[in-house]
Structure formats: structure tokens, C-alpha cells
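Nothing here was measured: the structure is a model prediction, and the numbers come from that model. Here, residue 1 is the first one in the sequence, and each next residue gets the next number.
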Amino acid sequence: MEQRKHWWNGSWGRLARRDVFLRTDADKWFVEARSGGAEGTSRFAEYDDEEAAYDAVRRLLGGPGEWREVAGSEVCPFPSRGNGPA
């Protein structure tokens, strides 16, 4: 399975953090909506084509938060500056 995209809502902390992942495997597309960071809970959906998967992603990103695409596979949990924990 190949991870194509990853978005994060910009919130730190187990209760506030949300992530959305777009993955593909052969001719199937998968969207994971995760709440609570790496050890949180996830909901998964499978789609037959890329367009349907991106439609699902757009609906998820329409919620609250300052959604941004994550470069690479993970967000550093403790950035050197910014809004992370001290």
C-alpha cells in the first residue's frame, strides 16, 4: 500500500488532533480519518477510483481546523518552535 497524501488539522494534543490519509493499493483507494494522533482511533473507507477518494477527503477537510498537507509521512510531534509543547 502506498501513502499518497496526509493532512493534519493543525491542532496539538491527543483530544484535538485530527489526521486524514489518502492511500492506494493496486486499483483501490483508501481514506483514513484518524482522531487523537498516532494512538487514536481511525475510520477507514475504500473507494474504486481516485476521484471518489478525493471527494471523501474534501468533505473531511471541510471541518474545523487549519488543515494543511503534511510533507513526508509524519508531522514532528514536538517542533522546535511554534505551537507545540514546551
Across all chains, not counting sequence neighbours, the side chain to side chain contact (heavy atoms under 4.5 Å, CB included) partners of Glu39 are none
*Say whether, by atom type as modelled, one donor and one acceptor occur between the side chain of Asn9 and the main chain of Ala16 under 3.5 angstrom.*
yes
_Same apolar cluster: Trp67 and Val70, side chain cutoff 4.5 Å_ = no
Contacts satisfying side chain to side chain donor-acceptor pair (under 3.5 Å) that involve residues 51-62 (not counting sequence neighbours) are Asp55-Arg58
Donor-acceptor list for residues 20-28 side chains, cut-off 3.5 Å, not counting sequence neighbours:
residue	atom	partner	partner atom	Å
Arg23	NH1	Glu32	OE1	2.6
Arg23	NH2	Glu32	OE1	3.1
Thr24	OG1	Lys28	O	3.0
Lys28	NZ	Asp48	OD1	2.5

Sorted by chain and residue number, the side chain to side chain contact (heavy atoms under 4.5 Å, CB included) partners of Ala52 (sequence neighbours excluded) come out as Tyr47, Asp49
Taken to the nearest 0.5 Å, the spacing of Trp29 CH2 from Glu50 CD works out to 3.5 Å
In short, Ala56 meets Val31 closest at the heavy-atom pair CB-CG2, 4.4 Å
The salt bridge (charged side-chain N to carboxylate O under 4.0 Å, His left out) partners of Arg14 (sequence neighbours excluded) come to none
Connected to Met1, directly or through other members, by ILVMFWY side-chain contacts below 4.5 Å are Phe30
Nearest heavy-atom contact between Gly10 and Arg68 is CA-NH2, 3.6 Å
Nearest heavy-atom contact between Ala33 and Leu60 is CB-CD1, 4.0 Å
Separation between NE2 (His6) and CG (Asp19), nearest 0.5 Å, reads 3.5 Å
Students should find that the hydrophobic cluster of Leu15, defined by side-chain heavy atoms under 4.5 Å apart, otherwise consists of none
So CH2 of Trp12 and CZ of Arg17: to nearest 0.5 Å the spacing works out to 6.0 Å
Across all chains, not counting sequence neighbours, the side chain to side chain donor-acceptor pair (under 3.5 Å) partners of Glu66 are none
